[in-house]
Amino acid sequence: MKLHGVELMHVSMPLVSPFRTSFGTQTTRDLLVLRVVAADGTEGWGECVTMADPVYSSEYVEGAADVLRRYLVPALAAGGDVDASRVATTLSRFKGHRMAKGALEMGVLDAELRVEGRSFARELGAVHDTVPCGVSVGIMDSIPALLDAVGGYLDEGYVRIKLKIEPGWDVDPVREVRERFGDDVLLQVDANTAYTLADARHLARLDPFDLLLIEQPLEEEDILGHADLARLIRTPVCLDESIVSAQSAAAAIRLGACQVVNIKPGRVGGYLESRRIHDVCVANGVPVWCGGMLETGIGRAANVALAALPGFTMPGDTSASDRYYRTDITEPFVLDHGTLPVPTGPGIGVLPDPDRLAEVTTRREWIPA
Ligand SMILES: CSCC[C@@H](NC(=O)CCC(=O)O)C(=O)O
Ligand SMILES: [Mg+2]
């Protein structure tokens with residue numbers, strides 16, 4: 001398709017409650033929504049999941065807007081006809097910026113599929129019509145507050161609980177959740193790189209609680225450290241921040257650094273690379289699940305389609321819209337007996353509500369092709 005231009009919308013969405021992780025507390029989600037416009041007027045939607053500050057990864061909202069404006073959109077426009085399967089190659093001369101690249105590829109792919117009348121689910125190879133949903137629970141001010149939150153999510157029907165942990169908030173909350181809700185609840189933890197290999201003996205104290213996994217205990221570049229840790233604890237190690245491509249997934253698996261992989265389309269440069277990572281993991285017998293970046297309904301729709309691929313055998317952080325937002329910018333995703341429906345419409349299968357999008361848009365910028 002011929003590119004006419006890309007509109008960047010800086011979106012700021014208040015969270016229904018503060019979300020605390022080992023790297024900070026969020027009360028608002030600032031992100032970029034992309035409207036990719038083809039010369040024939042076709043539109044495609046993408047979501048850039050960078051955070052406001054470079055604290056989850058090196059990317060951040062203003063940086064993503066800058067690299068899209070100065071490098072990525074011009075490069076795509078200069079390449080003549082744009083084809084979603086070629087976006088990553090066209091942009092490969094620019095290093096990193098995977099969330100910005102992934103958002104642009106997503107918008108191009110959405111536009112293409114809307115014209116073809118094909119859904120993301122069909123394009124990616126989904127085999128399910130619904131996906132089971134887990135939920136991510138932040139670090140809380142107290143154990144009672146945590147138990148209330150977990151109990152509420154279980155009552156809503158979530159099939160898996162993920163607890164954020166950090167030094168000083170790990171073994172006790174896990175033990176208390178186990179004692180209150182029993183051994184049958186699917187339970188996992190996410191450290192967001194908060195520990196070092198020196199904490200191995202301490203992390204082994206989580207072994208008796210039969211966790212599904214411990215997510216990204218060490219810093220993202222410490223692949224060998226995760227391989228060493230995996231030999232020192234029984235809880236399966238899952239990588240998130242460390243896995244940025246199919247190549248890095250293959251290396252981590254070969255080195256024994258992970259037994260499970262969290263696939264986040266933004267972190268790895270898009271949904272097409274996500275499918276490649278899925279294929280590498282399936283070929284190696286490594287289960288995957290779909291991670292989350294507090295996406296609006298735009299990214300959530302695409303994530304649910306991805307989570308319906310055959311290798312996604314563990315519940316992901318594909319929660320309902322109201323886990324984070326009082327009002328989503330698309331029709332809300334509503335949990336139904338612990339599952340979300342896979343969108344079947346063309347492209348991502350959803351559209352933002354123009355009025356709602358306008359309400360939460362703080363800045364718009366048109367980048368002409
Ligand atoms: C602001 S924290 C974003 C990254 C975090 N994401 C979640 O915990 C799930 C968020 C979601 O439900 O979208 C992770 O490291 O997995
Ligand atoms: Mg994580």
Side-chain angles (χ1 to χ4, degrees), residues 4-19 26-38 41-52 60-62 64-65 68 99-100 102-111 113-114 119-121 131 133 135-136 156 264-266 271 290 292-307 316-336 339-367:
H4 176 56
V6 177
E7 183 178 25
L8 294 190
M9 280 152 272
H10 291 250
V11 164
S12 184
M13 308 250 299
L15 299 184
V16 293
S17 58
F19 185 52
Q26 273 185 265
T27 57
T28 302
R29 183 69 171 100
D30 296 323
L31 48 81
L32 290 178
V33 168
L34 274 63
R35 183 171 65 90
V36 172
V37 184
T42 307
E43 293 182 346
W45 294 88
E47 181 163 344
C48 179
V49 296
T50 43
M51 296 182 62
Y60 60 103
V61 172
E62 286 304 328
L68 281 159
M99 291 177 179
L104 192 50
E105 180 190 87
M106 177 183 175
V108 171
L109 184 59
D110 185 38
L113 293 176
R114 286 181 193 273
S119 66
F120 253 56
V131 297
C133 300
V135 65
S136 181
E156 288 181 45
K264 272 182 196 170
Y271 289 86
C290 186
M293 290 298 289
L294 291 75
E295 286 88 350
T296 73
I298 294 172
R300 199 162 297 277
N303 285 358
V304 170
L306 178 70
D317 288 340
T318 50
S319 305
S321 295
D322 67 3
R323 161 64 185 87
Y324 295 104
Y325 305 117
R326 204 167 318 286
T327 313
D328 205 334
I329 59 175
T330 64
E331 272 300 301
F333 281 84
V334 178
L335 210 60
D336 174 20
T339 72
L340 286 181
V342 176
T344 55
I348 60 174
V350 299
L351 281 171
D353 173 276
D355 298 336
R356 178 63 188 146
L357 179 55
E359 273 170 30
V360 294
T361 297
T362 56
R363 202 170 3 131
R364 289 175 182 270
E365 176 185 351
W366 173 250
I367 308 174

Distance check, rounded to the nearest 0.5 Å: [X] atom [atom1] versus [Y] atom [atom2]?
| X | Y | atom1 | atom2 | answer |
| --- | --- | --- | --- | --- |
| E7 | L32 | CD | CG | 11.5 Å |
| S321 | L340 | OG | CG | 8.0 Å |
| C48 | M293 | SG | CE | 9.5 Å |
| E47 | L31 | CD | CG | 5.0 Å |

If you count heavy atoms of other groups shown closer than 6.0 angstrom to CZ of R364, is the number above 12?
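Above 12, so yes.
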E43 CD: over 12 foreign heavy atoms closer than 6.0 Å:
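Count over threshold, so yes.
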Which pair of non-hydrogen atoms, one from [X] and one from [Y], has the smallest distance, and what is that distance?
| X | Y | value |
| --- | --- | --- |
| S119 | P343 | CB-O, 4.3 Å |
| G297 | F333 | O-CE1, 3.5 Å |
| A121 | V342 | CB-CG1, 3.6 Å |

Passing candidate, side-chain hydrogen bond (donor to acceptor under 3.5 Å, both in side chains) with S12, options T362, T361, D30:
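Single pass found, and it is D30.
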Would you check, one step at a time, whether the test salt bridge (Lys or Arg N to Asp or Glu O under 4.0 Å) holds for K264 with E295?
CA-CA 11 Å; K264 272 182 196 170; E295 286 88 350; over 6 Å; no
Partner set under salt bridge (Lys or Arg N to Asp or Glu O under 4.0 Å) for D328, not counting sequence neighbours:
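Result, salt bridge (Lys or Arg N to Asp or Glu O under 4.0 Å) vs D328: none returned.
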Using the side chain to side chain donor-acceptor pair (under 3.5 Å) rule, collect all pairs that involve residues 346-357, keeping only residues at least two apart or in two chains.
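Residue pairs with at least one partner in residues 346-357: R356-E359.
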Could you tell me if the side chain of V49 sits less than 4.5 Å from the side chain of R29, heavy atoms only?
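Yes, their side chains come closer than 4.5 Å.
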Any heavy-atom pair between the side chains of Y324 and T296 that's under 4.5 Å?
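No, every pair of side-chain atoms sits at 4.5 Å or beyond.
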Please identify each residue that fulfils ring-ring contact (aromatic ring centres under 6.0 Å, His included) with Y271, with sequence neighbours left out.
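If we apply the ring-ring contact (aromatic ring centres under 6.0 Å, His included) test to Y271, skipping adjacent residues, the hits are F120.
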